[in-house]
There are 2 protein chains.
Amino acid sequence: MGPYKIDEVSKASGLTKRTIRYYEELGLMPPPSRTDGGMRLYTQEHIDRLKQIVNARDILGSSLQEIQAFVAIREELQDYKKAYGQTVDKAEKRRQLEKTRPMIEKQLQMLDEKLEKMTQFRRDIGQIYQRVCIALDQEHTPNEGV
Amino acid sequence: MGPYKIDEVSKASGLTKRTIRYYEELGLMPPPSRTDGGMRLYTQEHIDRLKQIVNARDILGSSLQEIQAFVAIREELQDYKKAYGQTVDKAEKRRQLEKTRPMIEKQLQMLDEKLEKMTQFRRDIGQIYQRVCIALDQEHTPNEGV
DNA sequence: GTTAACGTTGACGTGAACGTTAGGTTTGGA
DNA sequence: TCCAAACCTAACGTTCACGTCAACGTTAAC
């Protein structure tokens, strides 16, 4: 359990070594201690911190490509609606819908996952907030009392 | 209200003209019609679509800098915890906490906004999904019945 | 004490998501 | 009809978030 070298941290966090150094450079992570030779020595706290960052990144970081997938669903449905009155071929409509359904299901699953992680995140921060408030109250009231 | 030129769309959506053209290029938006001279003519639907994209982008797109703000709060609190047993100066601790509290409040507000938008987003997709399922059921069942 | 595996710091490369500039065309009002 | 304002495409520049390569130093096992 002692100090970890960067490769172990990489495997534990799922990030590449490059990314770990990059995050340190950005200041996302406190710089770890070093050996006399200059090698980085990480603690468990560093790993936890990186996992938090990865979590937050997964929730909050989506590319335009991913966003496109979401908006595309609505368009497909709009296309379907437009074609609804015109298309004579019911089987064709059906095939189209059957194609889009699994896509929507996938998006819903992704959204639910992100929502869950996000609410968990919210709870964490909320708890921290409460502790801060309590601490502030406790230090404030006694001076006024008696 | 008639066709919109790109500058009006820009003001209505909050995106720059460059970004609007870029999103079209990416296929995030259906290409608008053109005048004989080649000028883009947008409809209200285009504007709505862009607003959806902006919304989704605001929810899902955060940089590492923004993520850093979230993670930083935890670190500050950890620092506080560490110093809790050692610091003799209670006023100093209090000042530190009073400094972090508004930061946490801001983060909470941001998170709540994102959460609300996200759940709304989720509801929308869920409704679309239901309509698709119903449509598939309706076209399926009658052929089997009576 | 040698050596292979792993670490370090630059430095350049890359794709995404635009900003900016250049050079030319279109539009709409005086 | 003329002209400024707004539009167009094309192309290069930029920042972020890393990947990748080179050249070199450190560790740990044998």
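First the proteins, then the strands, lettered A, B, ... as listed; each starts at 1. Just so it is clear, the model here is predicted, and its values are computed rather than measured.
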Asker: Could you pull out all residues at least two apart from A:Gln52 that satisfy side-chain hydrogen bond (donor to acceptor under 3.5 Å, both in side chains)?
Answerer: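 By the side-chain hydrogen bond (donor to acceptor under 3.5 Å, both in side chains) rule, A:Gln52 matches B:Arg74.
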Asker: Could you state the atom-to-atom distance from CG of A:Leu64 to P of C:dA17 in whole Å?
Answerer: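 Result: 4 Å.
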Asker: Do B:Gln107 and A:Tyr129 get their side chains close enough for a donor-acceptor pair, meaning under 3.5 Å?
Answerer: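 The answer is no; no qualifying pair exists.
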Asker: Nearest heavy-atom pair of B:Met29 and B:Ile20: which atoms, and what distance?
Answerer: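 That would be CE-O, 4.1 Å.
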Asker: Within the structure, does a side-chain N or O atom of A:Thr19 lie under 4.0 Å from either OP1 or OP2 of D:dG19?
Answerer: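 Yes, within the criterion.
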Asker: Taking CE from B:Met29 and P from C:dA17, how many angstroms apart are they, rounded to a whole number?
Answerer: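 To the nearest whole Å, that distance equals 15 Å.
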Asker: Only pairs at least two apart or in different chains count here, so list each ring pair (Phe, Tyr, Trp, His ring centres under 6.0 Å) that has a residue in residues 35-57 of chain B.
Answerer: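 Pairs touching residues 35-57 of chain B that pass the test: B:Tyr42-B:His46.
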Asker: Hey, is the side chain of A:Tyr23 poking within less than 4.0 Å of OP1 or OP2 on D:dC18, counting only N and O atoms?
Answerer: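 Looking at the OP1 and OP2 atoms of D:dC18, one of them is under 4.0 Å from a side-chain N or O of A:Tyr23.
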Asker: I need the CD-P distance between A:Glu25 and C:dT8, as an integer number of Å.
Answerer: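 From A:Glu25 CD to C:dT8 P: 13 Å.
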Asker: Under a 4.0 Å heavy-atom cut-off, which of residues 48-58 of chain B touch DNA chain C?
Answerer: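 When residues 48-58 of chain B is checked for heavy atoms under 4.0 Å from DNA chain C, the hits, listed by number, are B:Arg57.
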Asker: Using whole Å, report how far CD of B:Glu8 lies from P of D:dC7.
Answerer: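 One finds 8 Å between P of D:dC7 and CD of B:Glu8, rounded.
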Asker: Just N and O in the side chain of A:Tyr22: are any of them under 4.0 Å from OP1 or OP2 of D:dG19?
Answerer: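 For D:dG19, neither OP1 nor OP2 has a side-chain N or O of A:Tyr22 closer than 4.0 Å.
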Asker: Please state how far atom NZ in B:Lys5 lies from atom P in D:dA6, giving the value in whole angstrom units.
Answerer: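 Between P of D:dA6 and NZ of B:Lys5: 8 Å.
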Asker: Could you tell me which residues satisfy side chain to side chain contact (heavy atoms under 4.5 Å, CB included) with A:Arg123, sequence neighbours excluded, listed by chain and number?
Answerer: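 A:Arg123 satisfies side chain to side chain contact (heavy atoms under 4.5 Å, CB included) with A:Gln120 only.
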Asker: Using whole Å, what does the distance between atom C1' of nucleotide D:dC7 and atom CG of B:Asp36 come to?
Answerer: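 It works out to 15 Å between those atoms.
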Asker: For D:dT15, take OP1 and OP2 only and decide whether either is under 4.0 Å from a side-chain N or O of B:Gln65.
Answerer: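 For D:dT15, neither OP1 nor OP2 has a side-chain N or O of B:Gln65 closer than 4.0 Å.
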Asker: Ignoring backbone atoms, establish whether A:Thr35 has a side-chain N or O less than 4.0 Å from OP1 or OP2 of D:dT27.
Answerer: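 For D:dT27, OP1/OP2 do have a side-chain N/O of A:Thr35 under 4.0 Å.
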Asker: What N/O pairs connect the protein and nucleotides 8-10 of chain D at under 3.5 Å? Give each pair on its own line.
Answerer:
{"unit_1": "D:dC8", "atom_1": "OP1", "unit_2": "B:Arg40", "atom_2": "N", "d": "3.1"}
{"unit_1": "D:dC8", "atom_1": "OP1", "unit_2": "B:Arg40", "atom_2": "NE", "d": "2.9"}
{"unit_1": "D:dC8", "atom_1": "OP2", "unit_2": "B:Arg21", "atom_2": "NE", "d": "3.1"}
{"unit_1": "D:dC8", "atom_1": "OP2", "unit_2": "B:Arg21", "atom_2": "NH2", "d": "2.6"}
{"unit_1": "D:dC8", "atom_1": "O3'", "unit_2": "B:Arg34", "atom_2": "NH1", "d": "3.4"}
{"unit_1": "D:dT9", "atom_1": "OP1", "unit_2": "B:Arg34", "atom_2": "NH1", "d": "3.2"}
{"unit_1": "D:dT9", "atom_1": "OP1", "unit_2": "B:Arg34", "atom_2": "NH2", "d": "3.1"}
{"unit_1": "D:dT9", "atom_1": "OP2", "unit_2": "B:Arg40", "atom_2": "NH2", "d": "2.1"}

Asker: In whole Å, I'd like the distance from the CD atom of A:Glu24 to the P atom of C:dG7.
Answerer: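 Roughly 14 Å, once rounded to whole Å.
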Asker: Can you name the residues that form a side chain to side chain contact (heavy atoms under 4.5 Å, CB included) with B:Lys117, not counting sequence neighbours?
Answerer: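 Partners of B:Lys117 under the side chain to side chain contact (heavy atoms under 4.5 Å, CB included) test: B:Asn55, B:Asp58, B:Ile59.
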Asker: Write down the distance between CD1 (B:Ile20) and P (C:dC18), rounded to a whole number of angstrom.
Answerer: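 Nearest whole value for this atom pair: 12 Å.
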Asker: For the side chain to side chain contact (heavy atoms under 4.5 Å, CB included) test, which of B:Leu15, B:Leu41, B:Thr43, B:Ile47 pairs with B:Val9?
Answerer: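 It is B:Ile47, the one option of B:Leu15, B:Leu41, B:Thr43, B:Ile47 that forms the side chain to side chain contact (heavy atoms under 4.5 Å, CB included) with B:Val9.
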Asker: More than 12 heavy atoms of other residues, nucleotides or ligands under 6.0 Å from CD of B:Gln130: yes or no?
Answerer: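 No, not enclosed.
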Asker: Would you say the side chains of B:Arg18 and B:Tyr23 form a donor-acceptor pair under 3.5 Å?
Answerer: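 Looking only at side-chain atoms, B:Tyr23 and B:Arg18 do not form any donor-acceptor pair under 3.5 Å.
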